[in-house]
Structures are given as structure tokens and as C-alpha cells.
> 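Below are the C-alpha cells for one structure; questions will follow.
Quick note: residue numbers are just sequence positions, from 1.
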Amino acid sequence: MSDILIITAAMFFLAMGSLGLLSPQRLGKPLGIVLTSGDARTEVRAVYGGYGVVMAALLTYAALTDSATGDGITLTAACALTAMAVTRLLSYPVDRPQGIFPTWAAVGAELVIAAALAITL
């Protein structure tokens with residue numbers, strides 16, 4: 001069961017990463033971000049794309065091994081997702097994002113996936 005949870009998290013990262021690499025403009029659209037320069041597209045490709053694909057690969061490795069390294073990868077991913085969710089929550093009173101998507105949907109997804117990863121440890 002724990003391997004299924006880890007692979008599910010990997011698929012989340014792979015989907016986000018692939019979209020970030022292949023279509024950064026599309027990834028930014030729900031956030032209200034218009035990527036008007038090559039620098040902006042490169043930033044989204046790096047932060048969402050490259051990070052997501054590498055996290056997917058690392059989590060896949062973690063699911064396939066019973067080593068302490070796999071546990072460390074899983075813990076790191078859970079902590080990263082938790083940090084993202086907490087930062088969104090702390091930003092809310094300052095930035096007042098509109099609507100349920102993407103802020104609240106992202107917080108929910110990040111916390112659910114982080115919890116699922118934590119359960120596997």
C-alpha cells in the first residue's frame with residue numbers, strides 16, 4: 001500500500017512537471033500569470049517543470065527501494081509539499097487570492113499528498 005501512495009505522489013509531480021516543461025504558459029494561466037518573456041517561461045519551466053519531474057523520478061526510486069535513502073526522499077517530498085501549503089496559507093491574509101482554485105485546491109492537494117507520504121514512513 002505504501003508504494004501505491006508514493007507512486008501516486010510521483011504521478012502528481014510528473015503531471016505538474018510535464019505541464020511546466022511543455023507548456024509553462026498553460027500552467028501559469030489558472031494562477032493569473034501571463035508569461036510575457038523568455039525569462040518568465042524559463043522560470044516556470046525550472047521551478048515547476050524541472051522540480052516536478054525530478055521529484056517524480058526520486059519518488060519512483062523511493063517506491064522501488066526499501067533503503068533509508070528512499071525514506072529520506074519520501075520525507076523530503078512530504079516536507080516540501082507541507083511547506084508549499086503552509087506558505088500559501090500564510091500568504092492568504094496578505095495577498096487575498098480570489099476563488100477556490102488554485103489556492104485552496106493546491107493547499108488541499110499538497111496537504112493530502114504530504115500526509116499520504118508521511119503515512120508511508
> Looking at Ala114 and Ala78, what are the two nearest heavy atoms and their distance?
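That would be CB-O, 3.6 Å.
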> Quick one: OG on Ser67 to CD1 on Ile73, what's the gap to the nearest 0.5 Å?
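That separation rounds to 7.0 Å.
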> Do the side chains of Glu110 and Arg88 get nearer than 4.5 Å, heavy atoms only?
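Yes, side chains in contact.
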> Can you establish whether the number of heavy atoms outside Asp66 located under 6.0 Å from its atom CG is more than 12?
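No, CG of Asp66 has 12 or fewer neighbouring heavy atoms, counting only those of other groups under 6.0 Å.
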> Minimum heavy-atom separation for Leu35 to Ala40, with atom names?
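Result for this residue pair: CD2-CB, 3.9 Å.
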> Is it possible for you to say whether Tyr48 and Leu22 belong to one hydrophobic cluster, with membership spreading through side-chain heavy-atom contacts below 4.5 Å?
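Different clusters.
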> Run Leu5 and Leu117 through side chain to side chain contact (heavy atoms under 4.5 Å, CB included) and show every step you take.
CA-CA 7 Å; Leu5 293 174; Leu117 290 173; 5.8 Å; no
> What closest approach, in Å, do Ala10 and Ala56 show between heavy atoms, and which atom pair accounts for it?
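Smallest interatomic distance, heavy atoms only, reads O-CB, 3.3 Å.
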> I need the minimum non-hydrogen distance between Gly70 and Ala62, along with the two atoms involved.
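The pair with the smallest heavy-atom distance is O-CB, 3.4 Å.
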> Going hydrophobic residue to hydrophobic residue with side-chain gaps under 4.5 angstrom, can you get from Ile33 over to Met16?
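Cluster IDs for Ile33 and Met16 match.
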> For a side chain to side chain contact (heavy atoms under 4.5 Å, CB included) check, start with the C-alpha distance between Arg41 and Arg45, then their side-chain angles and the critical distance, and finish with the verdict.
CA-CA 6 Å; Arg41 289 184 296 277; Arg45 279 191 172 98; 3.8 Å; yes
> I need the minimum non-hydrogen distance between Pro30 and Pro102, along with the two atoms involved.
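In terms of heavy atoms, the two residues are closest at O-CD, 3.5 Å.
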> I need the Asp71 CG to Leu75 CG distance, nearest 0.5 Å.
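Between Asp71 CG and Leu75 CG, I get 8.5 Å after rounding to 0.5 Å.
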> Does Tyr61 have any ring pair (Phe, Tyr, Trp, His ring centres under 6.0 Å) partners at least two apart in sequence or in another chain, and if so, which?
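Applying ring pair (Phe, Tyr, Trp, His ring centres under 6.0 Å) to Tyr61 gives none.
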> State, to 0.1 Å, how close Gly20 and Leu27 come at their nearest heavy-atom pair, and which atoms those are.
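Nearest pair, atom of Gly20 first, then Leu27: CA-CD2, 3.7 Å.
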> To the nearest 0.5 Å, how far apart are CG in Leu89 and OG in Ser91?
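Separation between the atoms: 8.5 Å.
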> About how many Å separate OG1 of Thr36 and CD of Gln25, when rounded to the nearest 0.5 Å?
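That separation rounds to 8.0 Å.
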> Starting at CD1 of Ile113, measure out to CE of Met84 and round the result to the nearest 0.5 Å.
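The distance works out to 9.5 Å.
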> Run the numbers on Leu90 and Val86 for side chain to side chain contact (heavy atoms under 4.5 Å, CB included), then give the verdict.
CA-CA 6 Å; Leu90 293 174; Val86 168; 3.9 Å; yes
> Could you tell me if the side chain of Ile7 sits less than 4.5 Å from the side chain of Thr60, heavy atoms only?
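Yes; the side chains approach each other to less than 4.5 Å.
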> In terms of relative ring orientation, are Tyr51 and Phe13 parallel, tilted or perpendicular, with 30° and 60° separating the classes?
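Ring orientation of Tyr51 relative to Phe13: perpendicular.
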> As an exercise, state the distance from CG of Leu14 to CG of Leu19, rounded to the nearest 0.5 Å.
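Reported to 0.5 Å precision, the distance equals 11.0 Å.
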> Going hydrophobic residue to hydrophobic residue with side-chain gaps under 4.5 angstrom, can you get from Val54 over to Ile6?
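Looking at the clustering, Ile6 is in the same group as Val54.
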> Less than 4.5 Å apart, any side-chain heavy atom of Val112 and any of Phe12?
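With C-beta onward as the side chain, the pair stays apart.
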